[in-house]
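Written below as structure tokens is the structure these notes are about.
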There are 2 protein chains.
Amino acid sequence: MHAFAIRESRVTRQPSPITGRADLAKRKRVLRWQRDPEGMRLRILEAAKQEFSAHGIGGARVDRIAQKAGANKRMLYYHVGNKEDLYLAVLEGAYEKIRAEERELDLEHLAPPEAIERLIDFTWNYFIRNPEFLALLNTENLVKAKNLKRSTKIKSMHSPFVEMIRDVVQRGVASGDFRVAVDPVQLYISIAALSFFYLSNSATLSVVFGRDLLAREARDERLQHMVALVLAALTGKSTALFAKGVKEKPAKPRSPAHHTA
Amino acid sequence: MHAFAIRESRVTRQPSPITGRADLAKRKRVLRWQRDPEGMRLRILEAAKQEFSAHGIGGARVDRIAQKAGANKRMLYYHVGNKEDLYLAVLEGAYEKIRAEERELDLEHLAPPEAIERLIDFTWNYFIRNPEFLALLNTENLVKAKNLKRSTKIKSMHSPFVEMIRDVVQRGVASGDFRVAVDPVQLYISIAALSFFYLSNSATLSVVFGRDLLAREARDERLQHMVALVLAALTGKSTALFAKGVKEKPAKPRSPAHHTA
DNA sequence: GTACAAATTAACCCGTTGGATAATTACTGT
DNA sequence: ACAGTAATTATCCAACGGGTTAATTTGTAC
């Protein structure tokens, strides 16, 4: 079938750009490789992620995962395991990924208000870039986190954000930027909540409000609102932006107040 | 089977408390009725709500709904329709219910800060009292709100909250209680978000943070935090409560406007 | 009480689905 | 060249799941 074509087109180990005539044969062999366990596994995991995040656990179809991965169904069991194993692997991968990116964000070097803004910005954009993550979390919560619970791997991956926030808040209070000490966990949850809910529920909310919440403008407005809300609460200074349709650059067209027709 | 027992125990039309001897016969007949379309339909819908909210669309089992409703499977199709119809009916019921309760909340008579606090309190407690609603919304968003979109019924049910908030914010700004005018839609979403995310994701979050977020204390703390966060942002005054583990009234069990046990 | 409609049940149908078996193919070390 | 192992495929199947058919029971009208 076309399985072969797919296999050829998706090369996991990219051949080195500068290729001497000597290893041309070898390279050709690599491209033609029928067996590629690593690549296969990755493709399976990616396909499974798509499937589970698009349809939930109950709605996911093992056959579809195989098809999307360009693999025989048997391969799923060979490389990963049954449906449940497949799901757990996807979930673990999702947590690994976000934790990795979180770690790269250092808020320590920023002034407290900027650090908070950065944090919100990161969270927001991470969710936008990884919509499957949102869906997976919802899916996992539907089953009361039973898979997360049995994953020692995930349980050992602590988010660095709580400590980061604790530090930032402490510094902010000390410097006078912030007026009050907030519980870092609560603040972390709140910041995640503001982005998560908006994006995860954008479909129903868009219908209810009769406008596309994922449109460029709407997204920008939302980010602005969230930053303003949190910073206003922390600093006590109303960061201008916080006002209704107000933006300090009045030249721009922008629809001021007529939301919800 | 025990279907009969269930049918007898769950009476939908409650008999009037004062019952004359005259209609005793009639009443007895009612109680013995094998046929009870209304009651049956309600039980089916309730069972379907449980099933869909517990397992999602793909994970829901029609047989299980029938069983839970104490009905024959054929009855589902007879009274409501196929699985899809069943789901839509549940979704519509859920929206009807929250809209109805929302309408009863009048914020117009309260001072702006109290109105906001009341609003947060209501939202929070409604979600706690109706966990299926959260699950249903997530489920519906998983399918990109496709069912919501085709429900003219739901689309015609506008939440009164946006206008309520608009009014409250306007009054707040006028009275000087609030410093800035916020977009009511954004504020509405934010308030919903703070509660929704916490509760909807409490399972995974509890694992990640290693503590039960649904425990009494944790819930109280969360409500406190949310109110403080939003009010601080709006008023500019840091409502003390906002501080870490601080509660200024150590004696009182807290819960200012708790109209929900 | 008898005819008629409404409500309810039992049993079955048949495509789907997760999973398993066994055979086949591609690569590896020697 | 060859044996042995790893990867992959084709095929099958038993259970399940949504939905339907046809009969049966129960109440109602006359």
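Below, read A as the first sequence line, B as the second, and so on, with proteins coming before strands; counting in each chain starts at 1.
- Distance check, rounded to the nearest 0.5 Å: CD of A:Glu104 to CZ of A:Phe122 gives 8.5 Å.
- Side-chain contact between B:Tyr78 and B:Met40 is absent, with no heavy atoms from C-beta onward closer than 4.5 Å.
- When heavy atoms are screened at a 4.0 angstrom cut-off, A:Ala60 is found touching the sugar-phosphate backbone but no base atom.
- The distance between atom OH of A:Tyr78 and atom P of D:dA10, rounded to the nearest whole Å, is 17 Å.
- Distance, B:Phe52 CZ to D:dG17 P: 14 Å, rounded to whole Å.
- Distance, A:Met40 CE to C:dC27 C1': 15 Å, rounded to whole Å.
- A donor-acceptor contact shorter than 3.5 Å is absent between the side chain of A:Ser195 and the backbone of A:Ala192.
- Taking the side chain as every heavy atom from C-beta outward, B:Leu105 and B:Glu101 never approach each other to under 4.5 Å.
- Side-chain N or O atoms of A:Ser202 include one that pairs as donor or acceptor with a backbone N or O of A:Leu199 at under 3.5 Å.
- The CZ-P distance, from A:Arg64 to C:dG18, rounds to 9 Å in whole Å.
- Taking atom CZ of A:Arg41 as the reference point, atom P of D:dA6 lies 17 Å away to the nearest angstrom.
- Rounding to whole angstrom units, CD1 of residue A:Ile65 and P of C:dT16 are separated by 18 Å.
- Residues A:Phe133 and A:Phe196 place their aromatic rings such that the two centres sit no closer than 6.0 Å.
- In this entry the distance linking CZ of B:Arg43 with P of C:dA7 reads 14 Å, nearest Å.
- Checking C:dG18, D:dT8, C:dT8 against every side-chain atom of B:Met75, the shortest atom distance belongs to C:dT8.
- Looking only at distances, no side-chain donor or acceptor of A:Asn130 sits under 3.5 Å from a matching main-chain atom of A:Glu132.
- Straight-line distance from the CD atom of B:Gln67 to the P atom of D:dC16: 14 Å, rounded to whole Å.
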Enumerate all atom pairs, one protein N or O and one N or O from nucleotides 13-15 of chain C, separated by less than 3.5 Å.
none

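- Side-chain contact between A:His55 and B:Leu142 is absent, with no heavy atoms from C-beta onward closer than 4.5 Å.
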Interface polar pairs with nucleotides 19-22 of chain C, N/O, under 3.5 angstrom:
{"residue": "C:dG19", "atom": "OP2", "partner": "A:Tyr77", "partner atom": "OH", "Å": "3.3"}
{"residue": "C:dG19", "atom": "OP2", "partner": "A:Lys83", "partner atom": "N", "Å": "3.1"}
{"residue": "C:dG19", "atom": "N7", "partner": "A:Lys73", "partner atom": "NZ", "Å": "2.8"}
{"residue": "C:dG19", "atom": "O6", "partner": "A:Lys73", "partner atom": "NZ", "Å": "2.5"}

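- Under 4.0 angstrom from either OP1 or OP2 of D:dA6 there lies no side-chain N or O belonging to A:His79.
- Between B:Phe197 and A:Phe197, a ring centre-to-centre spacing not shorter than 6.0 Å is recorded.
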